[in-house]
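Counting convention: from 1, in listed order, for ligands and their atoms alike. Along the sequence shown, the residues carry numbers beginning at 1.
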Amino acid sequence: MTAQDQITTTPAIAIEHLTKRFGESVAVDDVNISVPPGSFLVLVGPSGCGKSTLLRMLAGLEPPTEGQISFGGKVVSSGASGVQTNAAARDAGLVFQSYALWPHKTVEGNIDWPLKVAGWSKQKRAERTNEVMKFLDIEPLRNRYPAEISGGQQQRVAIARTIGPRPGILLLDEPLSNLDAKLRVDMRSELMRIHRGTKATSVYVTHDQVEAMTMATHVAVLRDGRVEQFGPPDELLLKPQTTFVATFLGTPAGNLVPVTRDGDGFVFNGISLAVSAIAPHLDTAQLLYRAQDITVGAQDGRPTMKATYAESAPIAGQSMVTCMIGDLRVTAMVDGCFRAEPGAEIDLCFLRDPDAVFDPDGRRVA
Ligand SMILES: Nc1ncnc2c1ncn2[C@@H]1O[C@H](COP(=O)(O)OP(=O)(O)OP(=O)(O)O)[C@@H](O)[C@H]1O
């Protein structure tokens with residue numbers, strides 16, 4: 001069952017045939033995504049793939065050229081009919097990469113302002129401001145100005161300001177990218193707590209696949225404005241439908257080995273890696289091997305080939321070893337600490353059959 005099939009209730013967000021053109025260039029190209037209420041949808045992909053443009057259309061900051069967006073069954077943007085509910089009336093809160101706090105307002109003033117604009121009474125505003133400051137652990141900062149608090153604290157204030165009016169949809173555009181590595185990891189857990197606490201449906205843009213895989217209930221991998229694959233994170237990781245997804249997701253990313261049919265086998269570098277029966281209709285293919293399915297050192301009965309050692313990095317008690325077979329970069333895993341002289345010849349052993357087989361165009365065939 002795909003993520004799409006699981007939607008039995010009205011989707012919180014339904015994106016249908018959504019396209020955005022800027023002159024001749026297509027930033028978002030016929031995107032279709034639906035998610036149920038309470039989902040954490042992550043839009044992930046390389047720079048320029050259209051993530052921010054898609055989020056800006058969800059926020060009502062950019063009208064679509066074609067297609068439509070519905071929130072809870074109500075159309076909020078439509079290229080055809082010209083419906084374009086303005087940003088403030090969408091029940092959606094937006095958190096940017098740059099926190100954009102009002103510099104002349106205190107922390108409390110920043111959080112209070114959107115409530116005031118929305119017409120909340122003074123007492124209700126005070127109650128809600130205190131509640132979100134407590135929720136985000138920023139009460140002691142209430143009288144400070146943005147310039148007097150750290151980047152991580154500013155980010156918390158920006159989030160508090162956005163969730164204050166209780167938006168049904170939370171839109172987050174690379175909100176952690178200005179934070180250092182440790183704070184990013186802490187804030188990831190924090191954002192998930194906030195997501196659960198607010199019960200909002202969240203859409204989160206990132207180019208960091210680790211962030212995507214940790215936080216998402218649903219992931220859309222974007223490439224050149226199109227959805228390459230959409231589904232729960234595990235489905236994308238375990239069953240990538242294209243070589244792009246297979247090599248974009250996962251830590252370390254999967255290895256793709258180009259092979260050619262030779263008799264009964266698919267051969268790379270003169271060594272038969274798999275029986276050609278796994279893709280009988282193909283003369284050439286690309287085989288996916290996870291890093292953990294390749295190691296250093298020959299083993300009986302398993303295909304082994306010579307490679308040139310490049311580098312290694314420790315990862316959770318293992319070494320992630322990078323080496324070259326001709327022009328092909330391969331990542332393997334070795335238990336414990338492994339180092340060699342860069343340029344040294346090592347044996348690489350393929351421990352298991354390939355995880356997936358792709359045709360020359362990058363589509364999964366097995
Ligand atoms: N206002 C605009 N006018 C013209 N082209 C634009 C405009 N905004 C975005 N684009 C183009 O649309 C494409 C998608 O841009 P977008 O910012 O959505 O990508 P992104 O995936 O968010 O990238 P990044 O991760 O680098 O922020 C890019 O080719 C970009 O140059």
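For atom 19 (O) of ligand 1, the closest heavy atom belonging to the protein is G50 N, 3.3 Å. Considering only non-hydrogen protein atoms, atom 16 (P) of ligand 1 sits nearest to T53 OG1, 3.6 Å. Looking from atom 12 (O) of ligand 1 to the surrounding protein, the closest heavy atom is A27 CB, 3.2 Å. From the protein, the heavy atom lying nearest to atom 14 (C) of ligand 1 is G48 O, 3.5 Å. Nearest non-hydrogen protein atom to atom 26 (O) of ligand 1 is S47 OG, 2.6 Å.
In the displayed structure, W113 atom CH2 is contacted under 6.0 Å by at most 12 heavy atoms of other residues, nucleotides or ligands. Within a 6.0 Å radius of CG in N130, more than 12 heavy atoms belonging to other residues, nucleotides or ligands are found.
Geometrically, R156 does not engage F135 in a cation-pi contact, judged by NZ or CZ lying under 6.0 Å from the ring centre and within 45° of the ring axis.
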Please test E66 against K20 for salt bridge (charged side-chain N to carboxylate O under 4.0 Å, His left out), starting from the C-alpha separation and ending with a verdict.
CA-CA 7 Å; E66 284 164 29; K20 180 70 188 181; over 6 Å; no
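If you look at K51 next to ligand 1, the close heavy atoms, those under 4.0 Å, come from the backbone and the side chain alike.
For atom 9 (C) of ligand 1, a protein heavy-atom neighbour is found at a distance under 4.0 Å. Put simply, atom 31 (O) of ligand 1 has no protein non-hydrogen atoms near it, under 4.0 Å away.
Y289 places a side-chain heavy atom less than 4.5 Å from the side chain of L273.
With respect to the salt-bridge test (charged N to carboxylate O, under 4.0 angstrom), the residues R128 and E131 qualify.
With values rounded to the nearest 0.5 angstrom, Q286 atom CD is found 8.0 Å from T284 atom OG1.
For G45, the heavy-atom gap to ligand 1 stays at 4.0 angstrom or more.
Between F22 and ligand 1, no pair of N/O atoms sits closer than 3.5 Å.
Applying the side chain to side chain contact (heavy atoms under 4.5 Å, CB included) test between V28 and each of L54, T65, L222 identifies L54 as the sole match.
Considering only non-hydrogen atoms, atom 17 (O) of ligand 1 lies nearest to S52 out of S52, S177, C49.
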